**Student:** 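One structure follows; several queries about it will come next.
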Amino acid sequence: MTNKTYSILWKATQEELKTLIEYEVQEEMASVDQERLVTTKKTSIQYLKYIRVTNKLTSCYENILQPQKRRFLQKLIDNCIGRVLELKHELVSLEFSEVHFLDDLLLEMKMVPSDMDITIPQYFYEKTVEEQEKMALVKELLRYLSVEGSVKYWSDTRLTVKEAVRLIQSHEQALRGRESFLEAQRLFEIKEENRLKECRKNRKIEITKAEAATRIQRAFRWYNFHKNFKRIYGEEMNLLRMQPSVTEKAEHFHAFQKLENLKKSRQDLILKNELEYLQKIEEIKKEIENYHAPLAVENLKVKIRAYFEKYRETHNEYPTFPAEEEGGSAAMLKETVITHSEEKSKTETVSKERIVIDKKETKKTTEEPEETPGFVSKSSKYIPELLELVNEYDRVWKDKEIIGVFDKCDEEIIRQEAFEEMELRVRIQTDKIMREELYRLTEAFERDLGKKGKKGGKKGGKKGGKKDKGKGKGKGKKEKDLTPNRNFESLVKELVKEGIIVSYPNFSLNDFIGDYNYVGSSQDFESDPEKEPVPCLRDIRRIMNEYCILPMGSAAIHTKGAYVKSILLAGPKGVGKKSLVHAVCTEIGATLVDLSAANVAGKYPGKEGLDMLMHLVAKVGRMAQPTLVHIDDAENYFWKKQPTTSVLVEAVRLKKELPKFIKSIGNDDRIMVIGTTVAPFDVDLKGLSTCYNKVLTILTPDHNCRRALWSEMILKHKGIITPELCLSTLCGVSEGFTAPHIKTAVEKVLTDRRLALQSKIPLFATEFIRFLSDHTPVSLEENDEYKAWLTKMPLQKKRTKILKEESGEMTEDARVKDTEKQLSRKKLY
C-alpha cells in the first residue's frame with residue numbers, strides 16, 4: 001500500500017512541477033514592464049510552490065523502494081532545490097532583505113510557516129567512498145595528533161632525579177593532607193550529631209497536642225481538597241475532550257513506536273533493493289562485455305572500413321579522422337538514428353540559444369535610455385534540466401507499473417544503459433585502432449601516388465604544436481603550486497598540528513530550538529521604514545539552511561551557481577552563532593578550518609608564511625570539500641583603529657588575503673566562509689561588506705522562542721510540564737536571557753532527586769528563576785545597538801531608501817490600500 005500511495009503522490013507532484021515550469025517559460029516570453037511589488041509577489045508565490053514540490057519529492061525519495069526511481073528523484077530534488085535558491089536570491093535583490101515574511105501568501109496557499117522549511121534530503125548524508133576515506137583520515141589525524149601532542153610533551157620534558165623525588169614527595173604530602181582532612185571532617189560530623197541529639201532531648205514542647213493535631217488536620221484537608229479538585233478538573237477536561245486521557249496517551253505512544261518500526265523496516269528494504277540493483281548491474285555488464293562487446297567492435301570496424309573505401313572511391317583520397325572532442329567515428333559516419341542522448345544535447349542547445357537571445361534582448365533594452373525595462377527575472381540554470389527530467393518522466397516512469405511486491409529494479413533499463421556505456425567505450429577503443437589503420441592506409445596510398453608522407457607530416461606538426469602549448473600552460477600552473485610534491489595526508493597533518501583544522505561537536509540543525517515571527521508582514525513601514533521586523537531563531541535557522549547546508553550538501557546544486565561564498569553572523573554572546581556553524585558542519589559532514597585572528601596569531605609568520613597558509617587552506621579545502629572556514633571575532637580583521645584592550649599583535653593580518661580567497665571560490669569548490677562577531681560596531685563597514693556577501697543579525701529570543709526553549713529543554717531533561725509550572729510567567733520573567741542561560745538553569749534544577757519527586761511535588765517557576773538570576777541578561781539597549789548597526793549596511797540602506805521613496809509616492813493612496821487589506825482579510829475569515 002505504501003508503494004502505491006507514494007507513487008500516486010509522485011505522479012501528482014510531477015504534474016504540479018510541470019505546470020510550474022510551463023508557467024515560468026511563459027513568463028520569460030511575457031512583457032517585462034512590471035512594478036517591484038508585483039514582481040516580488042510573483043517570485044514569492046513561485047518560491048513557495050517550489051518549496052512545496054521539493055518537500056513532496058523528498059518524502060517520495062525517502063519512501064519509494066526502487067533504486068532507479070530514487071536516482072531519478074535525486075536529480076529532480078537537486079534541480080528543484082537549486083531553483084528555490086535562485087528564487088531566494090531574486091527575492092533578496094527585490095526586497096533588499098535577507099529575511100522574507102510571507103504570512104499573507106501562506107494564508108492564501110493554505111500553508112503554515114513550518115512549510116517554508118526545506119527538508120534536507122537523506123542522500124546529503126551519504127558520502128562516496130573517496131569522501132568517506134578523506135573524512136576518516138581527517139578525524140583520525142585530529143584524534144591521533146592530540147594524543148601524540150601529550151605524549152611528545154612528556155617525552156621531551158624529562159625530569160632529573162632530584163625533581164622526580166621532589167614531585168613524589170609533594171604528591172605524598174598532598175595525599176596525607178587529604179587523609180587528615182577527611183578524618184577531621186568525620187570527627188566533626190560525629191561531634192555535631194551528638195550535640196544535636198542533646199539539644200533535642202533538652203528541648204521543651206512549645207505547642208500542645210491539640211494544636212499540633214489541628215495543624216496536621218489543616219494540612220491534610222488542604223492536600224485532600226487539591227487532590228479532589230485536580231481529579232474533578234481532569235474528568236471535566238476529558239469530558240470536553242480537551243485533555244488526552246491516559247489510555248489515549250498510551251495509544252499515541254504505541255502508534256509512534258509502530259511508525260518508527262515501519263520506517264526502520266522500510267529503510268532495510270531500501271538498502272536490500274539497492275544492493276540487489278548494484279549486483280544486477282555488475283552481472284549485466286559482465287554479460288555484455290563477454291558476449292556483445294567483441295561483436296560490436298567487429299561491426300564498427302566493418303562500418304568504418306566501408307566508409308574509408310567509399311570515401312576514397314568518391315574523392316580519390318582517404319578522409320581525416322575526427323578528433324574525440326568532435327565525436328570521433330560517430331561524427332564521421334553521421335548515423336541517422338538519433339539516440340536519446342543526442343535529443344538531450346539538442347534540447348540543451350535550443351534552451352541555451354533561447355537564453356542567449358533573451359540576454360541579448362535585455363542588454364538592448366538596458367542600452368536604450370528612453371525606455372525603462374522594469375524588473376526582469378533572471379534566466380534559470382536549472383529549468384532546462386528540469387524540462388528534460390519532466391519529459392523523461394513522461395516517457396519512462398509515468399506509466400511504469402510497480403515491479404513485484406517490493407518494487408524491484410527494472411532490468412530492461414539497466415540493460416539499455418549498459419549497452420549505451422558499452423557502445424561508447426567500444427567506440428573510443430575502436431577509434432584509436434582505426435586512426436592508426438587510417439594513417440597507414442593514407443601513407444600507402446600517397447606512396448602509390450608519389451606523395452610520400454605529405455599529409456602525415458602536416459598532422460604530426462599540428463599535434464606537436466598543440467602538445468607544446470599544452471605543456472607550457474601546465475608548467476605555468478605547477479609553478480604556482482607551493483606544495484607540488486606533498487600528498488593529502490601530509491597537508492592535513494600539518495594543518496592539524498598547527499591547529500588550523502579543528503574538530504567540532506555533533507550538533508544537528510534541529511537542535512537549534514526556536515520559533516517563527518508570525519506577524520512579520522503585518523507591520524506597517526510607511527510611517528518609519530527603519531523599523532524592520534526582527535527575524536526569530538527559527539527564521540534564522542531556515543536562512544542558514546538555504547544559504548549554507550543545501551548548496552554545500554550537493555555538488556549538483558553548487559556547480560550551477562546558486563550558492564553564497566561568505567556570510568557574517570552578528571549578535572550578543574550566547575544567541576547561537578557558533579552553534580549554527582557546528583550545525584552546518586554536522587549536516588554536510590564538512591572539514592572545519594579555523595582562521596580566527598587569535599588562532600592564526602604567531603603561526604606562519606611573514607608574507608611568505610601568510611601565502612603558504614592561504615595556499616594550504618585553499619588546496620586542502622578543495623581536496624577535502626565540503627570545507628567550512630570559520631572566523632571567530634571577525635571584527636579583528638576590519639578595525640578602523642585597533643583597541644588598546646586587544647592583545648593581538650597582527651590583528652589585520654588577513655584583511656587583504658581573505659577577500660582574495662573568497663573571490664577565488666568557484667562553482668566546483670564547495671568552500672564557504674562564516675564569520676561570527678559580538679562587537680561589529682567600530683569596524684570598517686566598506687571592507688566588511690566587500691568581504692562578506694550576506695550579513696545576519698541574531699538577537700535575543702522573543703517570547704515565543706523562549707517558550708519553545710523552556711518546554712524543549714525541560715522535556716529533554718525528563719521534566720514534566722504541568723499547569724503549576726506556569727510556563728507563560730517563566731517566559732515573561734526570562735526576557736533578555738539566552739539559550740545557554742535557560743539550559744544551565746534547567747540542568748541545575750532537574751537533578752536526579754528532583755526528577756524522582758515530580759509525581760508528588762510538581763515543578764514550579766520559582767525553582768528555575770532562582771538559578772536564572774545568577775546570569776546577566778542582555779539589555780534592550782544592546783539589542784537596539786545591533787539593529788542600528790544593521791541599518792548602516794549597504795543592503796539595508798538600499799531597502800530603507802526604496803521604502804521611503806515608495807511611501808512618499810503612495811501617501812495619497814495609503815487609506816485606500818488599508819481598507820482593501822481589511823476587506824480582503826474579512827473575506828478570508
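Predicted, not measured: the structure shown is a model, and the values here were computed from it.
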**Student:** Does Glu287 form a side chain to side chain contact (heavy atoms under 4.5 Å, CB included) with Glu282? I'd like the steps, not just the answer.
**Tutor:** CA-CA 9 Å; Glu287 178 191 341; Glu282 292 297 325; over 6 Å; no
**Student:** Have a look at Tyr61 and tell me which of Tyr123, Tyr6, Phe124, Trp10 forms a ring pair (Phe, Tyr, Trp, His ring centres under 6.0 Å) with it.
**Tutor:** Tyr123
**Student:** Is there a side chain to side chain contact (heavy atoms under 4.5 Å, CB included) between Ile304 and Asp431? Walk through the geometry before answering.
**Tutor:** CA-CA 9 Å; Ile304 294 171; Asp431 284 358; 4.2 Å; yes
**Student:** Does any part of the side chain of Ile501, heavy atoms only, come nearer than 4.5 Å to the side chain of Val492, both counted from C-beta?
**Tutor:** yes
**Student:** Nearest 0.5 Å, what's the NZ-CD1 distance between Lys286 and Ile288?
**Tutor:** 13.0 Å
**Student:** Are any side-chain N or O atoms of Gln132 and backbone N or O atoms of Lys127, one a donor and one an acceptor, separated by less than 3.5 Å?
**Tutor:** yes
**Student:** Identify the two heavy atoms, one from Lys69 and one from Gln66, that lie closest to each other, and give their separation to 0.1 Å.
**Tutor:** CG-OE1, 2.8 Å
**Student:** How many angstroms lie between CG in Asn79 and CD in Gln74, if you round to the nearest 0.5 Å?
**Tutor:** 11.0 Å
**Student:** Supply the atom-to-atom distance Ile557 CD1 to Tyr563 OH, rounded to the nearest 0.5 angstrom.
**Tutor:** 13.5 Å
**Student:** Under 3.5 Å, is there a donor-acceptor pair between the side chain of Thr13 and the main chain of Leu57?
**Tutor:** no
**Student:** Just by distance, do the side chain of His558 and the backbone of Asn667 share a donor-acceptor pair under 3.5 Å?
**Tutor:** yes
**Student:** Compare all side-chain heavy atoms of Lys301 with those of Glu437 and state whether any distance is below 4.5 angstrom.
**Tutor:** no
**Student:** Would you say the side chain of Arg70 lies within less than 4.5 Å of the side chain of Ile270, judging by non-hydrogen atoms?
**Tutor:** yes
**Student:** Do the two ring centres, one from Tyr439 and one from Phe321, sit under 6.0 Å apart?
**Tutor:** no
**Student:** Are any non-hydrogen side-chain atoms of Val620 and Thr627 less than 4.5 angstrom apart?
**Tutor:** no
**Student:** Rounded to the nearest 0.5 Å, how far does CG of Leu482 lie from CG of Leu613?
**Tutor:** 11.5 Å
**Student:** Answer yes when Glu423 and Arg427 have at least one side-chain N-carboxylate O distance shorter than 4.0 Å, and no when they do not.
**Tutor:** no
**Student:** Can you check side chain to side chain contact (heavy atoms under 4.5 Å, CB included) on Glu436 and Arg440, steps first, answer last?
**Tutor:** CA-CA 6 Å; Glu436 295 296 329; Arg440 290 196 298 270; 3.9 Å; yes
**Student:** Are any of the side-chain nitrogens in Glu388 or Arg395 under 4.0 Å away from the carboxylate oxygens of its partner?
**Tutor:** no
**Student:** With salt bridge (charged side-chain N to carboxylate O under 4.0 Å, His left out) as the test, would you mind laying out the steps for Arg312 and Glu317 before giving the verdict?
**Tutor:** CA-CA 5 Å; Arg312 184 182 62 79; Glu317 64 177 355; over 6 Å; no
**Student:** Mind telling me whether Tyr311 and Tyr307 have parallel, tilted or perpendicular rings, with 30° and 60° as the class edges?
**Tutor:** tilted
**Student:** Which residue in the set Arg83, Lys18, Lys49 passes salt bridge (Lys or Arg N to Asp or Glu O under 4.0 Å) when paired with Glu24?
**Tutor:** Arg83
**Student:** If you take all heavy atoms of Met614 and Leu654, which pair is closest and at what distance?
**Tutor:** SD-CD2, 3.7 Å
**Student:** Run the numbers on Ser554 and Asp78 for side-chain hydrogen bond (donor to acceptor under 3.5 Å, both in side chains), then give the verdict.
**Tutor:** CA-CA 7 Å; Ser554 174; Asp78 281 340; 3.2 Å; yes
**Student:** For Val564, is there any backbone N or O sitting under 3.5 Å from a side-chain donor or acceptor partner on Asn693?
**Tutor:** no
**Student:** Measure from NZ or CZ of Lys619 to the centre of the six-membered ring of Phe488 and say whether it is under 6.0 Å with the direction within 45° of the ring axis.
**Tutor:** no
**Student:** I'd like to check Ile81 versus Pro121 (side-chain heavy atoms, cut-off strictly below 4.5 Å). Are they in contact?
**Tutor:** yes
**Student:** Is it true that a side-chain atom of Lys285 and a backbone atom of Ala418 form a donor plus acceptor pair closer than 3.5 Å?
**Tutor:** no
**Student:** Rounded to the nearest 0.5 Å, what's the gap from CG on Leu386 to OH on Tyr393? Could you check?
**Tutor:** 14.5 Å
**Student:** Do the side chains of Phe72 and Val396 get nearer than 4.5 Å, heavy atoms only?
**Tutor:** no
**Student:** Has the side chain of Thr483 got a donor or acceptor atom that lies under 3.5 Å from a matching backbone atom of Arg486?
**Tutor:** no
**Student:** Glu489 vs Lys493, test: salt bridge (charged side-chain N to carboxylate O under 4.0 Å, His left out). Steps then yes/no.
**Tutor:** CA-CA 6 Å; Glu489 185 177 355; Lys493 196 172 183 180; 5.9 Å; no
**Student:** Where the side chain of Asn391 meets the backbone of Leu387, is there a donor-acceptor pair that is under 3.5 Å apart?
**Tutor:** yes
**Student:** Spell out, as yes or no, whether a donor-acceptor pair under 3.5 Å connects the side chain of Ser566 to the backbone of Val673.
**Tutor:** no
**Student:** Do the side chains of Glu274 and Arg71 get close enough for a salt bridge, i.e. N-O under 4.0 angstrom?
**Tutor:** yes
**Student:** At their closest point, which heavy atom of Gly589 faces which heavy atom of Pro626, and how far apart are they?
**Tutor:** O-CG, 4.3 Å
**Student:** Glu298 and Lys303: salt bridge (charged side-chain N to carboxylate O under 4.0 Å, His left out), yes or no, with the steps?
**Tutor:** CA-CA 9 Å; Glu298 293 300 324; Lys303 284 182 183 179; over 6 Å; no
**Student:** As a quick check of understanding, evaluate side chain to side chain contact (heavy atoms under 4.5 Å, CB included) for Lys11 and Gln14, giving each step before the final call.
**Tutor:** CA-CA 5 Å; Lys11 192 172 183 179; Gln14 202 71 30; 5.7 Å; no
**Student:** Applying salt bridge (charged side-chain N to carboxylate O under 4.0 Å, His left out) to Lys560 and Glu86, what does each step give before you reach the verdict?
**Tutor:** CA-CA 10 Å; Lys560 293 183 182 177; Glu86 281 184 338; over 6 Å; no
**Student:** Check whether any side-chain heavy atom of Pro551 sits under 4.5 Å from a side-chain heavy atom of Leu85, and report yes or no.
**Tutor:** yes
**Student:** Can you name the nearest heavy-atom pair linking Gly561 to Tyr382, along with the distance?
**Tutor:** N-OH, 4.2 Å
**Student:** What are the two closest heavy atoms between Leu592 and Cys585, and how far apart are they?
**Tutor:** CD1-SG, 3.8 Å
**Student:** Which atoms form the tightest heavy-atom contact between Leu438 and Pro319, and what is the distance?
**Tutor:** CD2-O, 3.3 Å
**Student:** Rounded to the nearest 0.5 Å, what separates atom CE in Met672 from atom CD1 in Ile549?
**Tutor:** 10.0 Å
**Student:** Answer yes or no: does atom NZ of Lys280 have more than 12 heavy-atom neighbours from other residues, nucleotides or ligands under 6.0 Å?
**Tutor:** no
**Student:** So, the side chain of Gln625 versus the backbone of Arg670: is there a donor-acceptor pair under 3.5 Å, distance only?
**Tutor:** yes
**Student:** Hey, do the aromatic rings of Phe445 and Tyr318 have their centres closer than 6.0 Å?
**Tutor:** yes
**Student:** Between Leu491 and Asn487, is any pair of side-chain heavy atoms under 4.5 Å apart?
**Tutor:** no
